[in-house]
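Following: one structure in structure tokens, then a few remarks.
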Amino acid sequence: MGSTSAHTNTGLGRRDLIKRSAALGLITVPAMSFLSACASGSSGADEKVEKGKVTKQNPLGVNETAALEVVIFDGGFGQQYAIDAEKKFNAAFPKAPKVKHKATQKIQSELQPRFNGGTPPDLIDNSGAEQMDMGVLVGKKQLADLTPLLDAPSVDDPNKKIRDTLRPGIVEMGQFDGDPVWIFYYAYTVYGVWYSQTALDKLDAQYPETWDEMLALCEKAKKKGIAGWTYAGKHPYYIPFSLYPFIAKIGGVEVLDAIDNLEPNAWKHPAVKAAFEAYYELYKKGYILKGTPGLDHIQSQTAWTKGKALFIPNGSWVENEAANTMPADFNLAVSAPSGLDKSDKMPFGTIWASGGEPFIVPAKAKNPEGGMEQLRIMLSEDSSKNFTKQVKSLTAFNGGTDGIELTPGLKSGVAALEKAGTSVVNPRLQDWYVKLQKEQIGVAGLGEMMAGRLTPVEAINKIQGFADKAAQDSSVKHYRHQ
């Protein structure tokens, strides 16, 4: 995708802002910065195990007697899907010790010292609020290139390479600079505005396609004692799940590309100001659930499932993560963001969907072939179906839904993807610049604006300052859309 320079018309009103001429192109804050944490490794680290013999049954050359260590983020998807796939690894390599499995929410805290010491696990699900900064990991050459995995034969069809069995965009997401693939996104996530169709039915309402319709529905809900919106106030980097595609819908995908590229004044594009002012209206008009800035993701989801708010920006993991509090008749649904109005550059249905749940094999892993083989097993149709049935989410495997009765949220997500067609955006800030996205744009910028402590213009200026600083920081590896 290409990009264009952003404009700086910050003095215009919301309805004037849409008259632009840009052409259409097309989870708590980490406790410590990871920018320098992976810069070095101990020279005393254990050496890699000897590679095994490459055969038809063992295309990656896994050492059949070597131990394998896997660390899984214990979040919305849980860990059982990984345990089930590890059992298949144990069956395939019976001479090896049982896979050493660990699940944690403290990925960075627990694994950063091991990266520094040169003794990382063989496969890591690098997700959650303590996700390690993947841009830094790549820049510091801390990750193994996963190209051998992508070129290996599929478990289901040896005539097909793994790369030929994947959903569009998965390979590209793992590429940061050139051909190597450093990260494998196992889940396929639909981001957007999530809601209960039952709740809308009770208000005799449909999902609003324009912002004026959104405000009117929020006002109607307010009169019934229901908030229009809530969000993870303690983790406001969830807000972009609906805000970023809203920006693209208003101004075109090139606006997001410019933001990703850290281009000067990218955040001062009229489409960004229009989107920020629209979201700020939710606060100004009292349509945000009271107390939301103090809620974490689970608390905000619980308030939402209990009917205290209509809408929440989230990803498709929410169906599994909020299952314990979601009423049986909730009828979970997701939609692309409402548009601003008819002058938007992209059609209604423009949505953010991309790979999620990033898996990595450390460069200094003792058994990197084993880590890749575990991923190969997870990308079989059987493992993919198991994941989808267990956690109500799609995987990177392009299929795996045949014979499965789709849950309401998953069915809605598939329908949203079909409606979007080619109007699917994939902002890269969250994997290129984790600190910028979470701590600065999310918490210090959007979080402060949505709590009413910054105006849209103040938030934009603050965020632009963060982006400019990141662009000028020579210690940070920079990436661009190709």
Side-chain angles (χ1 to χ4, degrees), residues 27 30 34-35 37-39 41 45 48 60 62 68-75 77 79 81-82 85-86 89 99-150 152 162-163 166 170-189 354-379 395-396 428 430-435 477 479:
I27 292 197
F34 201 72
L35 293 178
C38 293
K48 287 182 171 58
L60 289 168
V62 177
L68 176 67
E69 183 181 3
V70 178
V71 176
I72 297 293
F73 170 67
D74 193 7
F77 294 142
Q79 56 175 311
Y81 74 93
E86 288 162 9
F89 183 96
V99 174
K100 184 178 180 181
H101 173 95
K102 180 177 176 60
T104 180
Q105 293 189 356
K106 299 184 178 297
I107 295 293
Q108 180 174 310
S109 302
E110 295 184 7
L111 297 186
Q112 177 176 309
R114 296 188 59 183
F115 269 87
N116 289 344
T119 60
D122 302 307
L123 180 64
I124 301 167
D125 173 14
N126 182 32
S127 191
E130 283 205 28
Q131 178 188 67
M132 293 179 286
D133 191 320
M134 288 177 286
V136 172
L137 289 171
V138 173
K140 299 295 184 181
K141 303 186 186 305
Q142 296 292 307
L143 302 182
D145 179 8
L146 300 179
T147 299
L149 164 68
L150 297 172
I162 289 290
R163 68 171 67 245
L166 305 177
I170 293 295
V171 172
E172 290 76 12
M173 277 197 71
Q175 296 173 322
F176 279 58
D177 190 12
D179 293 331
V181 177
W182 306 108
I183 300 159
F184 191 90
Y185 291 84
Y186 184 65
Y188 195 73
T189 303
S354 63
E357 216 62 10
F359 278 77
I360 55 176
V361 174
K364 292 188 177 181
K366 291 181 66 176
N367 188 4
E369 292 81 18
M372 292 187 206
E373 177 64 19
Q374 181 61 55
L375 276 175
R376 191 174 81 97
I377 291 170
M378 289 168 60
L379 288 166
T395 73
R428 300 305 305 276
Q430 70 172 0
D431 42 82
W432 285 356
Y433 309 106
V434 173
K435 179 181 178 180
K477 174 74 174 177
Y479 305 98

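Quick caveat, the model's predicted, so the values are computed rather than measured.
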When every non-hydrogen atom of Met173 is compared with those of Gly355, the smallest separation belongs to SD-N, 3.2 Å
- Can you name the closest pair of heavy atoms from Val62 and Phe89 and give their distance?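 In this case the closest contact between Val62 and Phe89 is CG1-CZ, 4.2 Å.
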To the nearest 0.5 Å, tell me how far [X] [atom1] sits from [Y] [atom2].
| X | Y | atom1 | atom2 | value |
| --- | --- | --- | --- | --- |
| Asn367 | Met372 | CG | CE | 10.0 Å |
| Leu123 | Met378 | CG | CE | 7.0 Å |
| Phe184 | Asp125 | CZ | CG | 12.5 Å |
| Gln112 | Ile107 | CD | CD1 | 12.5 Å |
| Glu130 | Met132 | CD | CE | 10.0 Å |
| Glu369 | Lys48 | CD | NZ | 8.5 Å |

Can you list everything that forms a side-chain hydrogen bond (donor to acceptor under 3.5 Å, both in side chains) with [X]? Sequence neighbours excluded, please.
| X | answer |
| --- | --- |
| Thr189 | none |
| Gln374 | none |
| Asp122 | none |
| Glu110 | Thr104 |

| message | With side-chain contact (heavy atoms from CB on, under 4.5 Å) as the criterion, how do Leu379 and Leu166 come out once you've worked through the C-alpha distance, each side chain's angles and the decisive distance to 0.1 Å? | response | CA-CA 9 Å; Leu379 288 166; Leu166 305 177; 4.1 Å; yes
query: With sequence neighbours left out, what residues match Glu373 under salt bridge (Lys or Arg N to Asp or Glu O under 4.0 Å)?
result: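 Residues passing salt bridge (Lys or Arg N to Asp or Glu O under 4.0 Å) with Glu373: Arg376.
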By salt bridge (Lys or Arg N to Asp or Glu O under 4.0 Å) - contacts of Asp431 (at least two apart)
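So Asp431 forms a salt bridge (Lys or Arg N to Asp or Glu O under 4.0 Å) with Arg428.
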Under the ring-ring contact (aromatic ring centres under 6.0 Å, His included) test, residues paired with Tyr433 that sit two or more places apart:
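Applying ring-ring contact (aromatic ring centres under 6.0 Å, His included) to Tyr433 gives none.
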The ring-ring contact (aromatic ring centres under 6.0 Å, His included) partners of Tyr186 (sequence neighbours excluded) come to Phe387
[X]: which residues meet the side chain to side chain contact (heavy atoms under 4.5 Å, CB included) condition with it, sequence neighbours left out?
| X | value |
| --- | --- |
| Pro362 | Phe115, Pro120, Ile124, Ala365 |
| Ala363 | none |
| Ala82 | Ile72, Glu86, His101 |
| Thr147 | Asp145, Asp151, Arg163 |

Original post:
Do the side chain of Asp74 and the main chain of Ala103 share a donor and acceptor less than 3.5 angstrom apart?
Top reply: no
Mind checking whether Phe176 and Tyr479 have parallel, tilted or perpendicular rings, split at 30° and 60°?
perpendicular
Does the side chain of Met134 reach to within under 4.5 Å of the side chain of Asn126, using non-hydrogen atoms?
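Yes, their side chains come closer than 4.5 Å.
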| Of Leu111, Ile360, Leu68, which meets side-chain contact (heavy atoms from CB on, under 4.5 Å) against Pro121? |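 Going through Leu111, Ile360, Leu68 one by one, the side-chain contact (heavy atoms from CB on, under 4.5 Å) with Pro121 is satisfied by Leu111 alone.
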Q.
Applying side-chain contact (heavy atoms from CB on, under 4.5 Å) to Gln105 and Phe73, what does each step give before you reach the verdict?
A. CA-CA 5 Å; Gln105 293 189 356; Phe73 170 67; 4.0 Å; yes
